[in-house]
Asker: 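Questions regarding the structure given below will be posed in turn.
Residue numbering restarts at 1 for every chain, and letters A, B, ... go by the order of the sequence lines.
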Protein chains: 2
Amino acid sequence: MANMAYDTPEMDAGARLKAARLRPTRQRLELARLLFREHDRHVTAESLAEEGARMGVKVSLATVYNTLHQFKAAGLLRQVVVDASRTYFDTNVGDHQHFFVENEGLLIDIPGEEISVSGVPNPPQGLTIDSVDVVVRVKRN
Amino acid sequence: MANMAYDTPEMDAGARLKAARLRPTRQRLELARLLFREHDRHVTAESLAEEGARMGVKVSLATVYNTLHQFKAAGLLRQVVVDASRTYFDTNVGDHQHFFVENEGLLIDIPGEEISVSGVPNPPQGLTIDSVDVVVRVKRN
DNA sequence: ACGCAAATTGGAACAATTCTAATCTATGAG
DNA sequence: CTCATAGATTAGAATTGTTCCAATTTGCGT
């Protein structure tokens, strides 16, 4: 297959890790399989560790934390800051934003084509924009 | 002075607490004075406690936390979620957004008139929008 | 001035995350 | 293929920000 994108959803865990220059250890492979099995997943370290446990994946919590951060650094995951008490990671690294359901800790994607932010001023001297994150906080009626 | 707004920057600490129906205890008064002395302040519980200590205000950390949350509940402060590890409070409760300088924990206001978000889809059935928060993450060059 | 609900407090408890030092493993060299 | 080694994993300790708790203090209406 010529011209495969750097990171596609169809890519298997091994290829993903290779593309990210991460050693394909058993733990990373198994976590990658869990994470990218489905599109647009939102996980926390705890939720992923739990899921792993349920699926019979033997990984320590420390490794889950390490792996999430490495995947993030490699561009395989995006970190989403919505809650002061937990960190979420999103398997969708493309342009998009989120609804966040308060009191439930639930994230829902908003496609990047739908939403748009305009009028962002130039940042003060010496600063460069890294990302523009929108969180639409919603509540259950 | 007729027609004073519910919450103006000129308002003294006592009036502010009265308007918010919070008992004017020494601690609340002193913290309110620190907080609203200047416009558009961004504090964390720790930073405010530290500032209090420096200014000779005797308040426990627990009270700082309590007070910040009560002020928030009363609409005197807005909570800003930008960092997974600390909670910030903003004395500007009007419509505006933020630059967040990563690695420095520094918040900078973006006036609400400058920035705007469009195309926010209707939230899924049963959910109502609470707020639309924009964080422009920036890095020092 | 009294009485009581509300507020404050120090310290214990907690939850999420990071650190540490020991052990294990993927990988490239020979 | 075998080895040496840098890199990865691990359990558990440590750290950090925050909340909880039970005892004491305080604001305020009567």
Side-chain angles (χ1 to χ4, degrees), chain A residues 13-34 42-53 56-74 76-77 79-89 102-103 105 107, chain B residues 13-34 42-53 56-74 76-77 79-89 102-103 105 107:
Chain A
R16 230 173 248 281
L17 293 183
K18 176 175 282 183
R21 291 221 181 65
L22 291 168
R23 278 203 201 175
T25 63
R26 174 180 58 76
Q27 291 84 336
R28 295 212 268 231
L29 282 165
E30 298 185 323
L31 290 176
R33 270 183 224 115
L34 284 183
H42 302 112
V43 304
T44 63
E46 295 282 351
S47 83
L48 182 59
E50 206 180 291
E51 181 179 356
V57 173
K58 208 183 140 285
V59 201
S60 72
L61 185 56
T63 297
V64 172
Y65 274 101
N66 289 339
T67 302
L68 286 172
H69 284 124
Q70 292 153 354
F71 281 13
K72 177 202 168 185
L76 262 39
L77 291 176
Q79 188 166 11
V80 184
V81 180
V82 281
D83 186 317
S85 70
R86 343 165 104 50
T87 299
Y88 288 82
F89 290 89
E102 313 261 19
N103 319 327
L107 280 170
Chain B
R16 230 174 248 280
L17 292 184
K18 174 175 284 182
R21 290 221 182 65
L22 290 168
R23 277 204 202 172
T25 64
R26 174 180 60 75
Q27 291 83 338
R28 297 213 266 230
L29 282 165
E30 298 185 322
L31 290 177
R33 269 184 224 115
L34 285 182
H42 303 109
V43 305
T44 63
E46 295 282 353
S47 83
L48 182 59
E50 204 179 293
E51 182 180 353
V57 174
K58 207 181 143 286
V59 200
S60 72
L61 186 55
T63 298
V64 172
Y65 275 101
N66 290 339
T67 302
L68 286 173
H69 285 125
Q70 292 153 354
F71 282 13
K72 176 201 168 183
L76 263 37
L77 291 176
Q79 188 166 10
V80 184
V81 181
V82 281
D83 187 316
S85 70
R86 326 165 119 51
T87 299
Y88 288 81
F89 290 89
E102 312 260 21
N103 318 325
L107 279 170

Asker: Could you tell me how far apart Phe71(B) (CZ) and dA7(C) (P) are, to the nearest whole angstrom?
Answerer: 11 Å
Asker: On DNA chain D, reading 5' to 3', which nucleotide is the first and which the last to sit with an atom under 4.0 Å from a heavy atom of chain B, could you check?
Answerer: dG17(D) to dC28(D)
Asker: Kindly write out the residues that satisfy side-chain hydrogen bond (donor to acceptor under 3.5 Å, both in side chains) with Thr25(B), not counting sequence neighbours, or none if the list is empty.
Answerer: none
Asker: Could you give the angle between the helix axes at the two ends of the helix from dA1(C)-dT30(D) to dG30(C)-dC1(D), with five pairs per end, rounded to 10 degrees?
Answerer: 30°
Asker: Listed by chain and number, what are the side-chain contact (heavy atoms from CB on, under 4.5 Å) partners of Ala49(B), not counting sequence neighbours?
Answerer: Leu61(B), Val64(B)
Asker: Rounded to the nearest Å, what distance is computed from the CG atom of residue Leu68(A) to the C1' atom of nucleotide dA16(C)?
Answerer: 13 Å
Asker: Please identify each residue that fulfils salt bridge (Lys or Arg N to Asp or Glu O under 4.0 Å) with Glu51(A), with sequence neighbours left out.
Answerer: Arg37(A), Arg41(A)
Asker: Please list, chain by chain and in numerical order, all residues satisfying side-chain hydrogen bond (donor to acceptor under 3.5 Å, both in side chains) with Arg86(A), sequence neighbours excluded.
Answerer: none
Asker: For Thr67(A) and for Thr87(B), find the nucleotide of DNA chain D with the closest heavy atom, then tell me which residue's nucleotide is more 5'.
Answerer: Thr67(A)
Asker: If I take atom CD in residue Glu46(A) and atom P in nucleotide dA16(C), what distance separates them, rounded to the nearest angstrom?
Answerer: 5 Å
Asker: Say whether, by atom type as modelled, one donor and one acceptor occur between the side chain of Thr67(B) and the main chain of Thr63(B) under 3.5 angstrom.
Answerer: yes
Asker: Could you list the residues that satisfy side-chain contact (heavy atoms from CB on, under 4.5 Å) with Ala13(A), not counting sequence neighbours?
Answerer: Leu29(A), Ala32(A), Arg33(A)
Asker: Check side-chain contact (heavy atoms from CB on, under 4.5 Å) between Ser85(A) and all other residues, then give those that pass, not counting sequence neighbours.
Answerer: Asp83(A)
Asker: Between Leu17(B) and Phe71(B), is any pair of side-chain heavy atoms under 4.5 Å apart?
Answerer: yes
Asker: What does the B/S/- profile of nucleotides 18-28 of chain C look like, 5' to 3', with a 4.0 Å heavy-atom cutoff to protein?
Answerer: BB-----BBS-
Asker: When we call it a touch if two heavy atoms are under 4.0 Å apart, what does Thr63(A) touch: a base, just sugar-phosphate, or nothing?
Answerer: base
Asker: By ring pair (Phe, Tyr, Trp, His ring centres under 6.0 Å), which residues pair with Phe89(B), not counting sequence neighbours?
Answerer: His69(B)
Asker: With Lys18(A), which residues qualify under side-chain hydrogen bond (donor to acceptor under 3.5 Å, both in side chains), at least two apart?
Answerer: none
Asker: For Arg23(B), enumerate each residue passing the salt bridge (Lys or Arg N to Asp or Glu O under 4.0 Å) test, keeping only those at least two apart in sequence or located in another chain.
Answerer: none
Asker: Which residue lies toward the 5' end of DNA chain C, Asn66(B) or Ala84(B), if each is placed at its nearest nucleotide?
Answerer: Asn66(B)
